[in-house]
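Scroll down for the structure; my scribbles are underneath it.
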2 protein chains.
Amino acid sequence: MQPSDLLDCPMEPLSLRERRRDAILDAAEALFLEQGYERTSLAEIVKQSGGSLATLYDLFGNKQGLLHAIASRWGNEARSQPAECMAMTDLSNVELLKGYAHRQCDRMRSPRSVALMRMLISESLRDRDFALQIYRDLHIPATEELSTLFAEWAATGQAEIDDPEAAAKLLLSIVIGDSMLHTLAGLENEWLDNEELDWRLQPFLSHFRII
Amino acid sequence: MQPSDLLDCPMEPLSLRERRRDAILDAAEALFLEQGYERTSLAEIVKQSGGSLATLYDLFGNKQGLLHAIASRWGNEARSQPAECMAMTDLSNVELLKGYAHRQCDRMRSPRSVALMRMLISESLRDRDFALQIYRDLHIPATEELSTLFAEWAATGQAEIDDPEAAAKLLLSIVIGDSMLHTLAGLENEWLDNEELDWRLQPFLSHFRII
DNA sequence: AGCGGCGTGTAATTTACATTACAGAAAAGC
DNA sequence: GCTTTTCTGTAATGTAAATTACACGCCGCT
């Protein structure tokens, strides 16, 4: 019906039901991330989102259904902004990789990522599907884009990388490293700054002859 | 009554109360690690340990007190077997470090460590003291023994390590890396084998001229 | 205007625990 | 052996939350 839309049909005014649904998802997401899944009651969510408990049950079936709906929304989000374009710049590969590391580190240390990771881990025993789905949506893409890049470098002689996938995982380990565990354990402010990050990359860069 | 044993003051027969205490701690630890703290009921613990709910309350005050007692027992355990002696062998430093990495990796991937870490993270929002205490008892020592070793190597010209502590954290990151997150998220069997571990150490070893 | 759903607010219902109370059994100390 | 203190089993008590039921008001449709 809409005259023109490129992505994600923006025109239609969204039915009340759909706006309710979004509001509930927003509130639930915020509260789950802030307090954890178990410690957040459905009544609290509804109080914050407006609407009523009955509607929530009508939309999502039960509490776990709500969680899955959130997970699936995250997945869509992640898929809709697929990758940062890493080629096509005038930077050296070294600078490119450093920039990537900095951004990846920022991404991982954002309060939202940390909360997400914490929730994922907390629920992984109870609801394995939820945990696996989130994990795949969020982390596998990161590894893959990096390993594609490395493979390309290796193929064109810009680096000597025998196993691009292993190298990608190694790089992510170096970047995420123990900081993630620190943070998840509740010690904030323990992340690497860009200087230490660059220092950490040195062995990697020289070993794989990235220039 | 045993004729001879060396450590851990063996003689006294342990009062009933002390045996009860230990039994409750054992059962609680097992159940907490297996199911998580919140999902384990005190009744369940008592059913498994023997004894009665009233005794549990008498000994630990409440559920959180029980958790703290467990944490403090872990701390004592960790402190009582302080470090693996890393010097005094006829191995090369490279072999030494590889061996250390392998053992550290094994330690981290043991079901008990994983469960512990998961519980720590799950409870870190609710009970920050518990999380911090565990984290310090278990991880800081690992970093410290390694960084001491590196400092020694640097001082005696066996390696060119400008910042031993940073190097120690880097090494642990390389070893633990993303595997820990994989595992915490519920994907088992994603740990590095010794071969990949050695591969990962190469850049580190050559960069710091460890021989 | 009137009708049929749908969303809302409120309040039952149910369940699962933490926590407490208590009466009898067992153990410890003398 | 007797007393006192400490366990044990079981049954309240109280609370928090998920889930359901229900009666009412609002909105779009004809």
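Every chain is numbered from 1, with letters handed out A, B, ... down the list of sequences. What you are looking at is a predicted structure, and each value in this text was computed from that prediction instead of being measured.
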Could I get the full list of side-chain contact (heavy atoms from CB on, under 4.5 Å) partners for [X], not counting sequence neighbours?
X: Glu190(A); value: His182(A), Leu187(A)
X: Asp127(A); value: Gln64(A), Leu67(A), His68(A), Asp129(A), Phe130(A)
X: Phe204(A); value: Leu97(A), Phe150(A), Ala167(A), Leu170(A), Leu171(A), Ile174(A), Phe208(A), Ile210(A)
X: Arg21(B); value: Leu25(B), Leu59(B), Phe60(B), Ala69(B)

Which pairs, with at least one residue in residues 18-51 of chain B and sequence neighbours excluded, count as a ring-ring contact (aromatic ring centres under 6.0 Å, His included)?
Phe32(B)-Tyr37(B)
Would you list the pairs meeting salt bridge (charged side-chain N to carboxylate O under 4.0 Å, His left out) in which at least one residue belongs to residues 165-179 of chain B, sequence neighbours left out?
Asp178(B)-Arg200(B)
Check whether the side chains of Trp191(B) and Asp106(B) place a donor and an acceptor atom closer than 3.5 Å, and report yes or no.
no
When you compare the side chains of Asp162(B) and Trp199(A), does any donor N or O come within less than 3.5 Å of an acceptor on the partner?
yes
Give me the residues of [range] where at least one heavy atom lies under 4.0 Å from an atom of DNA chain D, by number, or none.
range: residues 54-74 of chain A; answer: Tyr57(A), Asn62(A), Lys63(A)
range: residues 118-130 of chain A; answer: none
range: residues 35-48 of chain A; answer: Thr40(A), Ser41(A), Leu42(A)

Does Gly51(B) reach a base, just sugar-phosphate, or nothing at all? Heavy atoms under 4.0 Å.
sugar-phosphate
Is the shortest side-chain heavy-atom distance between Leu53(B) and Ile45(B) below 4.5 Å?
no
Protein and nucleotides 23-29 of chain D: nitrogen or oxygen contacts under 3.5 angstrom:
none

Please state how far atom [atom1] in [X] lies from atom [atom2] in [N], giving the value in whole angstrom units.
X: Arg19(A); N: dT8(C); atom1: CZ; atom2: P; answer: 10 Å
X: Arg17(B); N: dT8(D); atom1: CZ; atom2: P; answer: 10 Å
X: Ile24(B); N: dC7(D); atom1: CD1; atom2: C1'; answer: 10 Å

If you draw a 6.0 Å radius around CZ in Arg128(B), do more than 12 non-hydrogen atoms from other residues or ligands fall strictly inside?
no
Trp74(B): partners by ring pair (Phe, Tyr, Trp, His ring centres under 6.0 Å), with sequence neighbours left out
none
Acceptor/donor pairs from residues 110-119 of chain B side chains to any protein atom, 3.5 angstrom cut, sequence neighbours excluded:
| residue | atom | partner | partner atom | Å |
| --- | --- | --- | --- | --- |
| Ser110(B) | OG | Arg107(B) | O | 3.1 |
| Ser110(B) | OG | Ser113(B) | N | 3.2 |
| Ser110(B) | OG | Ser113(B) | OG | 3.2 |
| Arg112(B) | NE | Glu29(B) | OE2 | 3.3 |
| Arg112(B) | NH2 | Glu29(B) | OE2 | 2.7 |
| Ser113(B) | OG | Arg107(B) | O | 2.8 |
| Arg118(B) | NE | Ser124(A) | OG | 3.1 |
| Arg118(B) | NE | Leu184(B) | O | 3.4 |
| Arg118(B) | NH2 | Thr183(B) | O | 3.1 |
| Arg118(B) | NH2 | Leu184(B) | O | 3.2 |

Got a second to check how far Arg136(A)'s CZ is from His139(A)'s NE2, nearest 0.5 Å?
12.5 Å
